[in-house]
Number of protein chains: 2
Amino acid sequence: MQTFDTVDELHEFVEMLLHRIDQRYTIGRRAVVELLASSERPLSISDIETRVPEIPRSSAYRHLSDLQKAGVVRRIAASDEFARFEMAEDFLHHHHHLLCSSCGQVIDVTPTRAFERTVARMVDELTAAQGFRATSHALDVIGHCANCER
Amino acid sequence: MQTFDTVDELHEFVEMLLHRIDQRYTIGRRAVVELLASSERPLSISDIETRVPEIPRSSAYRHLSDLQKAGVVRRIAASDEFARFEMAEDFLHHHHHLLCSSCGQVIDVTPTRAFERTVARMVDELTAAQGFRATSHALDVIGHCANCER
DNA sequence: GTTGTAATGAGACTCATTCTCATTCTATCA
DNA sequence: TGATAGAATGAGAATGAGTCTCATTACAAC
């Protein structure tokens, strides 16, 4: 996992990942990265539109898709109909998601080491029999967030 | 978990769940349930359309949504753009999913008891701090299926 | 500065999913 | 058994998230 002391280091690393796939690190992409990196939780397109209204929708989608290809950003399918985006795990601690099935909110939670060791072992078992090569995993807990739970 | 010795018992249970929410168990819904219950893997709408062409798309969607409300069916967001459907876990063993990010295929896998005990404990820890009430969880393993892996 | 290529913005387009509404079924009760 | 009211259905229109196109703009390299 990478850690970044300064925002500049973050941007440098992103730039490197983009360069790998022959992409430039432009103003618009930088704005998206800055927003996602400073956000506590995964953001939907409309969240992004609200907070950075000067980026048009089509560009936002394109930036996210390019950043995803570069391994900077991760797309997650929530329990409601729209996708959400967050920084890839190289930029964050490995974590899982609590999905509120009432309001669609997504909350990040960090697992213990012990748990992740168990998960990794289990994933190996599960996939080996199927000839499946795992690249990542996600544990989603579905339920109701504190707000919706009353 | 329910187990069903005969198809009739399955249908009886589904009917009960539908009645709870004042819904009838009609021919169309029965056909959808029979298809999902006999399928090895989660099905997309176009899978369903192919195998039961006499059910129109709009009705299939409505049946699935009604059956989901009744707790008979579960909708899963795969890595590609379309949703897939399978019987709810009361009708199946508790299981997790391998998602192929190349072809979108979804494979069901059954975890060991030990693993699920660990998961349950972990889920409790994670959610308690957030005031989140968990109703279920899903472990998705993302990677490439045997077919796409060459 | 020029030039070739990549990135962007605006809006058209696609297509999975949902909605509408006229028609058909079905449970219930006379 | 028939009548009737409410529920379910089918066909197609509508919605809207996400993608694509293409004319314009920015940028890197010389």
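No hydrogens, no waters, no symmetry mates; every other heavy atom, side chains included, goes into these values. Convention: sequence-line order gives letters A, B, ...; per-chain numbering from 1.
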Enquirer: Closer to the 5' end of DNA chain C via nearest nucleotide, is it B:R24 or A:H63?
Expert: A:H63
Enquirer: Measure up the B:H137 and B:H94 rings against each other and bin them: parallel (under 30°), tilted (30 to 60°), perpendicular (over 60°).
Expert: perpendicular
Enquirer: Taking donor-acceptor contacts at under 3.5 Å, does the side chain of B:R62 reach the base of D:dG10?
Expert: yes
Enquirer: Please give, in whole Å, the distance from D:dA17 P to A:R84 CZ?
Expert: 12 Å
Enquirer: For A:R75 and D:dA17, what is the distance between atoms CZ and P respectively, to the nearest whole Å?
Expert: 13 Å
Enquirer: B:I55 has an atom CD1; how far is it from atom P of C:dT24, in whole Å?
Expert: 19 Å
Enquirer: Measuring only between side-chain heavy atoms, which start at C-beta, is B:E15 closer than 4.5 Å to B:H19?
Expert: yes
Enquirer: Closest nucleotide of DNA chain D for A:I27 versus for B:R29: which of these residues is on the 5' side?
Expert: B:R29
Enquirer: Quick one: is A:Q23 getting a side-chain N or O under 4.0 Å of the C:dA7 phosphate, OP1 or OP2?
Expert: yes
Enquirer: Determine: side-chain N/O of A:T26 to OP1/OP2 of C:dT8, distance under 4.0 Å, yes or no.
Expert: yes
Enquirer: Counting the atoms with a prime plus P, OP1 and OP2 as sugar-phosphate, which does A:S58 contact under 4.0 Å by heavy atoms, base, sugar-phosphate, or nothing?
Expert: base
Enquirer: Working note: A:D108 + A:H97, criterion side-chain hydrogen bond (donor to acceptor under 3.5 Å, both in side chains); need CA distance, chi angles, decisive distance, verdict.
Expert: CA-CA 5 Å; A:D108 288 349; A:H97 294 127; 3.2 Å; yes
Enquirer: Of the non-hydrogen atoms in A:I55 and A:A31, which two are nearest, and what is the gap between them?
Expert: CD1-CB, 3.9 Å
Enquirer: Roughly how many Å is it from NE2 in A:H19 to P in C:dA6, rounded to a whole number?
Expert: 13 Å
Enquirer: Compute the bend angle of the helix from C:dG1-D:dC30 to C:dA30-D:dT1 from the end axes (five pairs per end), rounded to 10°.
Expert: 30°
Enquirer: What contact category does A:Y61 fall into here, base, sugar-phosphate, or nothing, at under 4.0 angstrom with non-hydrogen atoms?
Expert: base
Enquirer: State whether a side-chain donor-acceptor pair under 3.5 Å links A:T50 with A:D47.
Expert: no
Enquirer: Would you call B:H63 and B:F85 a side-chain contact if the rule is heavy atoms closer than 4.5 Å?
Expert: no
Enquirer: Distance check needed: D:dT9 C1' versus B:E54 CD, whole Å only.
Expert: 14 Å
Enquirer: Select from A:D66 and B:S59 the residue whose nearest nucleotide in DNA chain C is closer to the 5' end of that strand.
Expert: A:D66
Enquirer: May I have the distance from B:R30 (atom CZ) to D:dT9 (atom C1'), rounded to whole angstrom?
Expert: 17 Å
Enquirer: For the pair made of CD in B:E15 and P in C:dT26, what is the distance, rounded to whole Å?
Expert: 13 Å
Enquirer: Taking N and O atoms by type only, does the side chain of B:R57 place a donor or acceptor under 3.5 Å from a partner on the base of D:dG12?
Expert: no
Enquirer: Tell me whether the rings of B:H96 and B:F115 are parallel (<30°), tilted (30 to 60°) or perpendicular (>60°).
Expert: perpendicular
Enquirer: Rounded to the nearest Å, what distance is computed from the CD1 atom of residue A:I48 to the C1' atom of nucleotide D:dG18?
Expert: 13 Å
